[in-house]
Amino acid sequence: MSEILNYPFSEVRVRFAPSPTGYLHVGGARSALFNYLYAKKNNGKFILRIEDTDLARSTDESLKMMVQDLNWLGIHWDEGVDPVTLKDIGPCAPYRQSERQDLYKKYAQDLLNTGRAYYCFMTDLELETQREKNKSDGTHAHIESPFSEWTLSQAQAELKNGKTAVVRFKTKHLRKDYILNDLIRGEVKFPSDMIGDFVLLRSDGMPVYNFCCVIDDALMKISHVLRAEEHLPNTLRQLMIYEGLGFPVPQFGHISLVLDEDRQKLSKRKGAVACDNFRRDGYLPQAMNNFMALMGWSHPTGAEIFSMDDMRNLFSLERLNASGAVFDRVKLKWMNSQYLRAMNNSDLWNSIEPFLVEAKINFPQNSEWQTKSIEVFKPKMEIFSDAVVLYAAFDDSQFQIHPESDEFLKIETTKSVIQVWVDSVSEIKTKFMTTDDFIRIENEIKNKTGVKGKNLFMPMRVAVIGRPQGTELKLIVPLMSKKSLIERANQVIAVC
RNA sequence: GUUCCCAUCGUCUAGUGGCCUAGGACACCUCCCUUUCACGGAGGAUACACGAGUUCGAAUCUCGUUGGGAACACCA
């Protein structure tokens with residue numbers, strides 16, 4: 001069942017509108033994903049709009065990062081800025097609010113002319129006093145400006161005298177309940193007196209978020225506004241502006257929040273939340289999308305692992321959950337491991353190699369070795385960066401005997417076990433031994449020393465990787481050179 | 001404080017009045033596989049916040065209570 005389109009929107013047009021004041025976090029990415037999926041599912045358009053009216057905090061650097069993260073996730077937009085040049089593309093250009101100032105001013109002027117807005121000369125002190133009063137009355141912050149009754153020419157004269165003013169939207173005559181039919185929440189009723197006269201244009205002439213948002217959504221013919229629940233209270237202001245300007249109202253859908261373990265809005269203080277962070281740690285974009293979708297949406301068959309194609313085909317607003325979702329990093333990791341294990345060996349090697357290089361881990365430049373090593377380690381990795389610790393085991397410069405080895409070093413038979421190991425390895429003619437060689441040597445040690453079980457295997461493992469627990473020796477030893485094995489074993493003998 | 005939103009295992013969720021002694025997934029526990037650790041396989045424990053209604057019947061509808069969250073700017 002698809003949502004009924006509100007006249008006059010003939011096609012689905014949705015948008016993601018980040019403000020480039022930092023990194024893209026998973027909450028934002030999820031909103032972008034849902035919008036993207038909704039557009040794809042309904043043959044609509046997905047628009048990326050840049051909300052950079054806060055000039056002080058908006059940076060190109062941040063915009064670049066967001067664009068890069070969205071691309072990494074495979075969330076592509078039809079209109080907005082070019083992913084490479086960042087130039088505007090699409091019929092509603094420009095898509096950066098900082099370049100749409102004239103538009104906002106024009107509509108502000110319209111509102112001023114029709115008496116729906118007014119210049120307000122209140123001082124900070126006067127505003128503060130009103131807020132204090134509201135607070136002590138126990139009511140909602142509610143600005144009542146004496147200037148709302150001024151005529152436009154009165155105000156203009158004042159402006160000519162060099163006074164500065166904000167433009168406020170007049171709400172006094174709109175004393176009625178506003179009802180929003182939210183796509184996700186159903187009917188939401190805002191009491192009429194919830195807000196007072198609010199600012200449209202700042203004293204420096206810069207428009208404010210709620211105002212830009214309405215004008216842009218209207219001019220860009222956005223049919224569905226899918227955004228985070230934190231915007232729900234904003235909707236009343238926006239509804240009033242739509243009404244004041246005579247714009248058709250889009251359908252709204254307020255998506256539940258992504259929460260931290262303490263059930264508060266996700267924040268970076270409690271752990272990584274930037275998409276970029278997950279990319280750097282070696283998460284797969286498919287896993288991220290799959291996981292983000294599952295925070296608030298569910299696959300109709302109950303599947304947990306599904307592709308982007310699946311999502312594009314099956315996404316629907318009816319399956320969106322109205323309650324908040326805690327961001328569970330443990331499950332994300334598990335999900336990533338599922339995708340990682342589904343990769344073929346050469347793709348996986350190519351994915352982890354940069355991580356090894358960055359961590360300065362030495363490894364053989366030999367594709368046969370590399371493929372073999374992937375076979376051994378694939379079940380051990382959940383994210384690409386896990387490879388660093390795993391492959392460090394092969395790097396002689398990183399070899400050390402870990403404290404947990406002590407109890408096995410103390411066993412009296414250990415020294416002779418390792419000595420026989422060294423002797424047998426020395427007799428190998430090739431640089432690397434085979435798995436069969438290893439099994440043979442293992443039996444030799446057993447026979448010569450009479451040691452078996454734990455007391456045999458743990459010391460051997462210490463001799464190879466410096467700790468009593470880790471990857472199965474018969475898998476890892478054939479990947480290690482004879483020279484390296486002997487050197488390590490001798491180091492261990494020295495401390496027995 | 002005010003307004004709004006939300007409420008099923010620890011977590012993500014399925015569930016739209018009878019298929020529910022509530023299903024799946026992560027995590028947890030046990031066992032199997034494995035002379036370690038993982039991977040894999042088989043089991044297990046754990047939830048409808050509470051109270052009233054409506055109904056022959058309620059996790060599902062209504063109301064209230066409680067709890068949690070968000071928003072209350074010349075930020076977005």
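Since this is a predicted model, take the numbers as computed values, not measurements. Letters A, B, ... are given to chains in the order of the sequence lines, protein chains preceding strands, and every chain is numbered from 1.
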Sort me out a list of protein N/O and nucleotides 31-34 of chain B N/O pairs below 3.5 Å, or just none if empty.
none

No-H, no-angle donor-acceptor pair, A:Thr471 side chain to B:C37 base, under 3.5 Å: no
Sugar-phosphate only, base, or nothing, as touched by A:Lys189 at under 4.0 Å among non-hydrogen atoms: sugar-phosphate
Sugar-phosphate, base or nothing in reach of A:Gln469, heavy atoms under 4.0 Å: base
Sugar-phosphate only, base, or nothing, as touched by A:Gly302 at under 4.0 Å among non-hydrogen atoms: nothing
Sugar-phosphate, base or nothing in reach of A:Val166, heavy atoms under 4.0 Å: base
Partners passing ring pair (Phe, Tyr, Trp, His ring centres under 6.0 Å) against A:Phe399 (at least two apart in sequence or in another chain): none
Sub-4.5 Å side-chain heavy-atom contact between A:Asn336 and A:Met288: no
Result block: side-chain N/O donor-acceptor pairs under 3.5 angstrom for residues 19-27 of chain A, not counting sequence neighbours:
residue	atom	partner	partner atom	Å
A:His25	ND1	A:Gly27	N	3.2

Any residue meeting ring pair (Phe, Tyr, Trp, His ring centres under 6.0 Å) with A:Tyr391, in chain and number order, not counting sequence neighbours: A:Trp349, A:Phe377, A:Phe394
For nucleotides 66-69 of chain B, tabulate all protein N/O to nucleotide N/O atom pairs closer than 3.5 Å, reporting atom names and distance.
residue	atom	partner	partner atom	Å
B:G69	OP1	A:Gln264	NE2	2.7

5'-most by nearest nucleotide on RNA chain B - A:Gly186 or A:Pro468: A:Gly186
Test side-chain contact (heavy atoms from CB on, under 4.5 Å) applied to A:Glu261 - qualifying residues, sequence neighbours left out: A:Arg329
Results of ring pair (Phe, Tyr, Trp, His ring centres under 6.0 Å) for A:Phe315 - residues two or more places apart only: A:Phe34, A:Trp297
5'-most by nearest nucleotide on RNA chain B - A:Pro207 or A:Leu332: A:Leu332
Under 4.0 angstrom between A:Arg341 side-chain N/O and B:A38 OP1 or OP2: no
Polar atom pairs (N or O), protein with nucleotides 13-15 of chain B, under 3.5 Å:
residue	atom	partner	partner atom	Å
B:U13	OP1	A:Gly296	N	2.7
B:A14	OP1	A:Ser298	OG	3.3
B:A14	OP2	A:Asn321	ND2	3.1
B:G15	OP1	A:Arg319	NH1	3.4

Check: B:A27 base within 3.5 Å donor-acceptor of A:Asp328 side chain: no
Span that lies between the C1' atom of B:A14 and that of B:G23, in whole angstrom: 6 Å
Pairs satisfying ring pair (Phe, Tyr, Trp, His ring centres under 6.0 Å), at least one member in residues 181-202 of chain A, at least two apart: A:Phe169-A:Phe198
Side chain A:Lys331 and base B:A27 donor-acceptor under 3.5 Å: no
Rounded distance in Å between the P positions of B:A59 and B:C19: 9 Å
Pairwise C1' distance, B:C9 and B:A71 [rounded to whole Å]: 31 Å
Geometric cation-pi criterion, A:Lys176 with A:Tyr178: 6.0 Å, 45°: yes
Sugar-phosphate only, base, or nothing, as touched by A:His231 at under 4.0 Å among non-hydrogen atoms: base
B:A70 and B:C28, which share atom name P, separated by this distance in whole Å: 29 Å
Neighbour count >12 (heavy atoms, 6.0 Å) for atom CD, A:Glu132: yes
Inter-nucleotide P distance (B:G64, B:C4), Å rounded: 12 Å
Between A:Asn290 and A:Tyr339: side-chain donor-acceptor atoms closer than 3.5 Å: yes
Under-4.0 Å side-chain N/O to phosphate OP1/OP2 contact, A:Arg131 with B:C74: yes
Rounded distance in Å between the P positions of B:G10 and B:A47: 7 Å
Could you run down the sub-3.5 Å N/O contacts of the protein with nucleotides 41-43 of chain B?
none

Set of ring pair (Phe, Tyr, Trp, His ring centres under 6.0 Å) partners for A:Tyr283, sequence neighbours left out: A:Phe278
Whole-angstrom distance between B:C74 and B:C12, as gauged at atom C1': 41 Å
In a table with atom names and distances, give each donor-acceptor pair under 3.5 Å that connects a side chain of residues 445-458 of chain A to protein atoms at least two apart or in another chain.
residue	atom	partner	partner atom	Å
A:Asn447	ND2	A:Asn443	O	3.2
A:Thr449	OG1	A:Ile445	O	2.7
A:Thr449	OG1	A:Val451	N	3.2

Nearest listed nucleotide, side chain of A:Asn210, among B:A76, B:U36, B:C74: B:A76
